[in-house]
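Below is one structure; the comments refer to it alone.
As the structure is a prediction and not an experimental result, all values here were calculated from the model. The basis for the numbers below is simple: all heavy atoms, side chains too, and nothing from hydrogens, waters or symmetry mates. In what follows, residues are counted from 1 in the order of the sequence shown. Every number for a ligand or one of its atoms is a count from 1 in the order of the listing.
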Amino acid sequence: MSRVRHFLRDDDLSPADQDLVLDAAARLAEAPHLASEALRSDAIGLLFEKPSLRTRVSSEVACARLGATPVHLRTDELQLSRGETAEDSVRVLVGYLSLLMARVREHGFLEDLARPDVLPIVNGLSDRFHPLQSLADLLTLRQELGTLAGRRMAFVGDGNNVASSLMLASAMAGLGLVVATPEAYRPPEDVVDRAIELAAASGAEVRLTTDPVDAVKEADAVYTDVWTSMGQEDEEARRRRDLWPYQVNSELIAQAPASAIVLHCLPAHRGDEITDDVLDSERSRVFGQAHNRLPATAALFLFLLEPSLAGRLEEVPWDGDLP
Ligand code: CP
Ligand code: NVA
């Protein structure tokens, strides 16, 4: 039994906890000041091994909104770069910090950081998962569609970290998901198996296809992400060639229901996985989706550090604050 709560992958939250975090995020999206003093005695570490716009800025502003002190960290400036272990580093950091969010090259590094089980570790993107992104995505879908259960989404492109997180998060929320990729670009087998297991409990349908039209034809939302993720730059030419038939363009969107919206975690490689006319169309919700990273991250930090307050946000009057 873990002593502290970590969020390395979407299913580190139970389906009920994911709902609670989304409720808190929805409330914070409407009333950003509600929990402005909630984490005033906490410092939160923000560690980046890879570039970031959205995760970096939204997590720092989430700290400010909750009264916490953000502390930016880079692996190459820590003794990690000279051989200090992740475990020893965390045993030290827990004396200063209440939580550490980390964007890492390898998911295993996050597991090493979580192993001492003394400091909550949050995945700010790894090669396997991007669960903070999925929280913002589900929040966006709730705002746009009203409910998640019984709705359907299509993910078209590379079965990457974003696709893997969406599979788990959607399955827990009862949101149907069809993932269209070439055979060789499917999400990892263990993730697919886990998503199917979670979907069986929620009643959602999760399935894979190689046919993008099959994926989008009944979709309430069509989601795509870059074909070449950070760290895969050497494979860019092959990926562009293999994934070209999976481009989200106006011909593909014409096969989706007229009401279907378009999502992308951003940054987009315009003209590759998505065309300008789709990204800039009336169906696109990508900038609101990016803005939702802020309340989603604030809600997750609050849930991990002050779970009873996160659960009580609904009760706080509009002009009030949490005690
Ligand atoms: N979507 C996302 O995580 O963006 P950044 O890489 O800019 O943080
Ligand atoms: N799949 C992308 C997501 C970026 C937010 C990557 O890992 O680079």
A student checking ligand 2 against L125 at a 4.0 Å heavy-atom cut-off should list atoms 3 (C), 4 (C), 5 (C), 7 (O)
Do R270 and D280 sit within salt-bridge range, that is, some charged N less than 4.0 Å from a carboxylate O?
yes
The answer for which part of L132 has a heavy atom under 4.0 Å from ligand 1 is neither
Q. Has ligand 1 got any nitrogen or oxygen that is less than 3.5 angstrom from a nitrogen or oxygen of Q133?
A. yes
| Quick one: does R293 get within less than 4.0 Å of ligand 1, heavy atoms only? | yes
Hey, is ligand 2 close enough to C265 that some N/O pair sits below 3.5 Å?
no
the protein heavy atom lying closest to atom 4 (O) of ligand 1 turns out to be R54 NE, 2.8 Å
- Presence of salt bridge, D12 and R9, under 4.0 angstrom: no
| message | In this structure, does ligand 1 have an atom that sits under 4.0 Å from one of the heavy atoms of L266? | response | yes
Going by the 4.0 angstrom heavy-atom rule, the piece of N161 near ligand 2 is side chain
Among non-hydrogen protein atoms, atom 7 (O) of ligand 1 lies closest to L53 N, 2.6 Å
heavy-atom search around atom 3 (O) of ligand 1 in the protein gives H130 NE2, 2.8 Å
Discussion item. Membership question, hydrophobic clusters at under 4.5 Å side-chain separation (ILVMFWY): are I261 and V222 in the same one?
Written reply: no
query: Does a side-chain N-to-carboxylate-O contact under 4.0 Å join R194 and E197?
result: yes
Should L266 be listed as contacting ligand 2, given a heavy-atom distance under 4.0 Å as the test? yes
N/O to N/O below 3.5 Å, does that happen between S229 and ligand 2? yes
Numbered in order shown, the ligand 1 atoms found under 4.0 Å of a heavy atom of C265 are 1 (N)
ask   = Can we say R56 and E60 salt-bridge, meaning some charged N sits less than 4.0 Å from an Asp/Glu carboxylate O?
value = no
